Number of protein chains: 2
Amino acid sequence: MENKIFRNFISNKGLKLTKERLAVLNEIFSFRGHFEPEQLYLRIKDSEIKASRASVYRTLNLLVESGLVGKVARTEKGNVYEQTFGQEHHDHMICDRCGAIIEFCSQKIENLQDELCKKNNFDGTSHNLVIRGLCKKCKRTKR
Amino acid sequence: MENKIFRNFISNKGLKLTKERLAVLNEIFSFRGHFEPEQLYLRIKDSEIKASRASVYRTLNLLVESGLVGKVARTEKGNVYEQTFGQEHHDHMICDRCGAIIEFCSQKIENLQDELCKKNNFDGTSHNLVIRGLCKKCKRTKR
DNA sequence: ACTGCAATTGAGACTAAATATCAATTAAAC
DNA sequence: GTTTAATTGATATTTAGTCTCAATTGCAGT
């Protein structure tokens with residue numbers, strides 16, 4: 001399914017469907033959860049159909065543009081991504097010490113956002129909410 | 001006022017109140033709005049009491065720790081900061097077409113976030129909410 | 001299937017933000 | 001004033017991500 005969407009996206013943009021791009025797509029959709037580009041590259045480097053670090057980064061940008069992948073956040077260490085196709089919307093809490101990511105969703109917050117958009121005459125299409133602080137574990141071992 | 005808070009913070013941590021640290025503090029509180037470390041360094045480099053790039057970065061971290069300065073976001077180019085002392089908290093809507101930035105604040109959303117943190121045993125210290133879409137003007141002139 | 005060609009790849013160079021190093025300096029406690 | 005640990009600054013280092021460019025490859029047209 002994501003495969004079809006990607007083919008469509010590529011073709012609409014007049015780009016080429018290369019094995020490297022498919023390798024990146026498949027690797028990302030072979031698991032669930034968050035990932036960083038470098039990790040992704042290391043996985044692909046050891047897989048059947050390989051792709052270089054440059055191609056991984058390039059494809060990642062295409063996938064974000066296509067809507068199949070989303071940028072969760074930019075941390076001290078770099079970008080964190082996740083697949084967005086077929087996933088329910090959710091927001092994130094990120095631990096500043098250990099980097100743990102907690103997902104949550106709140107229909108109430110969504111509703112309030114819609115309300116605020118109306119009030120400001122803004123046609124909202126997406127949003128990104130990140131709460132930072134210390135996770136359960138880290139707040140126990142302060143400092 | 002921020003001066004006093006900073007002196008307190010420094011003294012409580014058993015650190016030294018150096019002219020370089022004061023130079024950074026004063027430079028930041030001499031204007032309002034967002035800023036990037038490099039810009040800040042360039043301003044300080046040309047001011048009366050100078051500080052090196054390294055000291056600017058080091059002091060910036062101290063100021064964030066003290067709560068006088070907040071990290072607004074981490075962009076592709078680096079961190080963006082703002083003074084937080086004496087400023088009201090706000091979130092942003094960003095227009096995908098013209099880049100317009102609309103500030104808004106909602107106590108209801110803040111409260112819901114606090115609630116969610118409690119529920120997840122998360123010690124939230126800051127949050128960042130960005131809503132993207134089309135602003136008033138741009139949604140009128142659709143495509 | 002063959003051809004032509006623009007898009008793509010990969011290895012490594014490059015960029016830029018931020019941190020680390022360490023000898024010289026300095027704030028501040030006594 | 002002396003002592004001492006914290007701080008500074010010039011520079012080296014790190015690291016995520018982009019750029020370069022010759023070699024390769026997908027694909028449209030025939």
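Please read all numbers here as calculations on a predicted model, not as lab measurements. Letters go in sequence order (proteins before strands), and every chain restarts at 1.
- In this structure, B:F35 and B:Y81 have parallel ring planes: the angle between them is below the 30° cut-off, well short of the 60° mark.
- Per the geometry, CZ belonging to B:R53 stands 17 Å off P belonging to C:dA20, to the nearest Å.
- For B:Y57, taking side-chain heavy atoms from C-beta onward, the closest of the listed nucleotides D:dG17, C:dA18, C:dG10 is C:dA18.
- With hydrogens and angles left out, the side chain of B:K16 and the base of D:dA5 share a donor-acceptor pair within 3.5 Å.
- At D:dG17, one or more side-chain N or O atoms of A:N79 fall inside 4.0 Å of OP1 or OP2 (strictly under the cut-off).
- Defined by atom type and a distance below 3.5 Å, a donor-acceptor pair is present between the side-chain atoms of B:N121 and A:K139.
- At a cut-off of 3.5 Å, with distance as the only test, no side-chain donor of B:Q83 or B:H34 sits close to an acceptor on the other residue.
- Going from atom CD1 of A:I49 over to atom P of D:dG26 covers 11 Å, rounded to whole Å.
- Residue contacts shown for B:R58 include a base, since a base heavy atom lies under 4.0 Å away.
- If you measure from atom OH of B:Y41 to atom P of C:dA16, you get 16 Å, rounded to the nearest angstrom.
- In the set C:dG12, D:dT8, C:dT19, D:dT8 carries the atom at the smallest distance from any side-chain atom of B:R21.
- Distance NZ (B:K77) to C1' (D:dA16): 16 Å, rounded to an integer number of Å.
- Side chain of A:T59 to main chain of A:V24: no donor-acceptor pair is present (N/O by atom type, distance under 3.5 Å, no hydrogens or angles).
- Nearer the 5' end of DNA chain C, as judged by each residue's closest nucleotide, is the contact made by A:T59, out of A:T59 and B:I10.
- Taking 4.0 angstrom as the limit, A:S55 places a side-chain polar atom (N or O) nearer than this to OP1 or OP2 of C:dG10.
- Residue contacts for A:K19: at a heavy-atom cut-off of 4.0 Å it reaches no nucleic acid atom on any strand shown.
- Residue B:T18 places its side chain closer to D:dT8 than to any other of D:dT8, C:dA11, D:dG26.
- Atom C1' of nucleotide C:dA7 and atom NZ of A:K13 are separated by 13 Å, given to the nearest angstrom.
- Spacing between atom CD of B:E36 and atom C1' of C:dA16 amounts to 12 Å, rounded to whole angstrom units.
- Residue order along DNA chain C, read from the 5' end via each residue's closest nucleotide, puts A:G14 first among B:L15 and A:G14.
- In this structure, CG of A:L42 is placed 13 Å from P of D:dG17, rounded to the nearest angstrom.
- For the side chain to side chain donor-acceptor pair (under 3.5 Å) test, no residue two or more places apart in sequence or in another chain qualifies with A:N61.
- To the nearest angstrom, C1' of C:dA28 lies 14 Å from CG of B:L22.
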